[in-house]
*Asks:* 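Got a structure here, written out as structure tokens. Questions coming.
Position 1 is the first residue of the sequence, and the numbers go up from there. Whatever order the structure lists them in is the order used to number ligands and atoms, beginning at 1. Bear in mind the structure is a predicted one, so any value in this text is a computation, not a measurement.
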Amino acid sequence: MKTYKIAVLRGDGIGPEVVREGLKVLDAVSKREKFSLDLAEFDLGGERYLRTGEVLPDSVIDELRRFDAIYLGAIGHPDVRPGVLEKGILLRLRFDLDLYINLRPVKLYENVPCPIVGKGPKEIDYVVVRENSGDVYTGAGGISMKGTPHEVAIQEMVYSRHQVERCLRWAFALTQARNKRNTLALCGKTNVLTYVFDLWERAFHEIGAKDFPGIAREYYHVDATCMHMINQPERFDVIVTGNMFGDIITDLGAVTQGGMGMAASGNINPEKTAPSMFEPVHGSAPDIAGKNLANPLAAILSAKMMLEFLGEEAAGAIIERAVMKVVRSIHDVASGKMGKSTSAVGDEVADAAATL
Ligand code: IPM
Ligand code: MN
């Protein structure tokens, strides 16, 4: 029997509750599909930091490298200064493990309320490939004359040809494999960010013309992208973009697919030189933490992405069918409004995954 080694990082806030449900579903589907998951827990997050002062020891990163995948709940704690845990854990894992693709599907399921009038599952089904290693996220910049009226703060948008190219190639290949509309859209800001997105745009057309002639190429400024995501989401098949724009547009995308409780993601190292990490797009939501109110479907759908990445495509498809069934009976997928508890939703999906 095939066994996958999974590192489980439940994290902060609602992280542990939604991961618990994801693991329930993984257990059900692995029994059915005859593979096993060897789980190891890692205590990382705000609680550990407040208790011990440790964010993410180097030794833990080394340990994590031995796993096939990482399953993460959420990172962020109201008593910890913003940035400490985000940069110290989440971004550090993305950088150190070279998880340079952040794959974020925007898919609206049947019967999930969509805030856009006249749009449904037929129109909202695309994926965002968010570059995950560069941009303003690299931390390049600084503050001088801090605290004086002349204080200057700089945070630089950094991209190398190498970073741009590997991301674009992956996005083209995904568009090809998806074989839906065979259209890749680059989302940038070539009219203002005339250095960084000049690089992106040139690489986009060069790589596309030479190595992916069957894939149509479109370009949108990021502001126009936001407009089309609302007005004409059916335009999109695959969107590729930089780290910062990708962060922003995927929250907008999440709203169109029913909210943060529905948005899944994978931080992927395509060469598999380190484990990839799967996590819901949502944060730790401390206001509802521990109340069994959070929607676990984003975490469950992230587990589905993890199985697909591991090569368990059939198991991933079962989880998606199970979610599609259960979501039909949920009137409102917003956390706290589901009319069911976190654990009840997880039970139902696990049941469906075992029997559907
Ligand atoms: C996300 C989050 C993170 C990001 C934060 C928590 C650092 O918003 O995964 O989208 O900006 O990437
Ligand atoms: Mn975000």
*Asks:* Select one of side chain, backbone, both or neither to describe which atoms of His282 lie under 4.0 Å from any atom of ligand 1, heavy atoms only.
*Replies:*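 The answer is neither.
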
*Asks:* Is there a donor-acceptor pair closer than 3.5 Å between any side-chain N or O of Glu151 and the backbone N or O of Gly147?
*Replies:*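 A pair under 3.5 Å: yes.
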
*Asks:* Tell me whether His77 contacts the main-chain N or O of Asp79 through its side chain, where contact means a donor paired with an acceptor under 3.5 Å.
*Replies:*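 Confirmed, His77 side chain pairs with Asp79 backbone.
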
*Asks:* Would you mind checking which non-hydrogen protein atom is closest to atom 1 (C) of ligand 1, with the distance to 0.1 Å?
*Replies:*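 For atom 1 (C) of ligand 1, the nearest protein heavy atom is Arg104 NH2, 3.4 Å.
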
*Asks:* Taking only heavy atoms of Glu86 into account, list the atoms of ligand 1 that are under 4.0 Å away from them.
*Replies:*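 Answer, ordered by atom number: 6 (C), 7 (C).
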
*Asks:* Give the residue and atom name of whichever protein heavy atom lies nearest to atom 8 (O) of ligand 1, and the separation in Å to one decimal.
*Replies:*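 So the nearest neighbour among protein heavy atoms is Asp247 OD1, 3.3 Å.
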
*Asks:* Of all the atoms in ligand 1, which lie at a distance below 4.0 Å from a heavy atom belonging to Tyr137?
*Replies:*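 Going through ligand 1 atom by atom, the ones under 4.0 Å from Tyr137 are 4 (C), 11 (O), 12 (O).
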
*Asks:* Indicate the ring-plane relationship of Trp200 and Phe197, choosing parallel, tilted or perpendicular according to the 30° and 60° boundaries.
*Replies:*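 The arrangement is parallel - the two ring planes meet at less than 30°.
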
*Asks:* Identify which of Leu90, Thr250, Ile248, Val281 has a heavy atom lying nearest to atom 5 (C) of ligand 1.
*Replies:*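 Answer by nearest heavy atom: Leu90.
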
*Asks:* For this output row, return yes or no: ring centroids of Phe172 and Phe204 closer than 6.0 angstrom.
*Replies:*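 So the answer is yes for these two rings.
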
*Asks:* Using a 4.0 Å heavy-atom cut-off, which part of Arg130 comes near ligand 1: side chain, backbone, both, or neither?
*Replies:*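 The answer is the side chain of Arg130.
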
*Asks:* Using 2.8 Å as the cut-off, note every protein N, O or S atom close to the Mn ion (ligand 2).
*Replies:*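 The answer, once waters are left aside, is Asp247 OD1.
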
*Asks:* Are the side chain of Thr183 and the backbone of Asp237 linked by a donor-acceptor contact shorter than 3.5 Å?
*Replies:*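 Not confirmed, Thr183 side chain does not pair with Asp237 backbone.
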
*Asks:* I'd like to know if the side chain of Tyr71 reaches the main chain of Ala299, judged simply by a donor and an acceptor atom lying under 3.5 Å from each other, with no hydrogens or angles considered.
*Replies:*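 It does hold such a pair.
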
*Asks:* On the six-membered ring of Phe309, is Lys272 placed so that its NZ or CZ lies under 6.0 angstrom from the centre and within 45° of the ring axis?
*Replies:*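 Yes, Lys272 sits over the ring of Phe309.
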
*Asks:* Judged on heavy-atom distance to atom 9 (O) of ligand 1, which of Glu279, Met244, Arg94, Lys87 sits nearest?
*Replies:*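 Answer by nearest heavy atom: Arg94.
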
*Asks:* Looking at His228, is its backbone amide N or carbonyl O close enough to the side chain of Arg235 to form a donor-acceptor pair, meaning the two atoms are under 3.5 Å apart?
*Replies:*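 Flag not set: sc Arg235 to bb His228 has no pair under 3.5 Å.
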
*Asks:* Counting only N and O atoms by type, is there a donor-acceptor contact under 3.5 Å from the side chain of Thr190 to the main-chain atoms of Asp198?
*Replies:*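 Answer holds: no.
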
*Asks:* Ignoring hydrogens and angles, tell me if any N or O in the side chain of Thr342 forms a donor-acceptor pair with the backbone of Leu293 under 3.5 Å.
*Replies:*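 Checking the backbone N and O of Leu293 against the side chain of Thr342, a donor-acceptor pair under 3.5 Å is found.
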
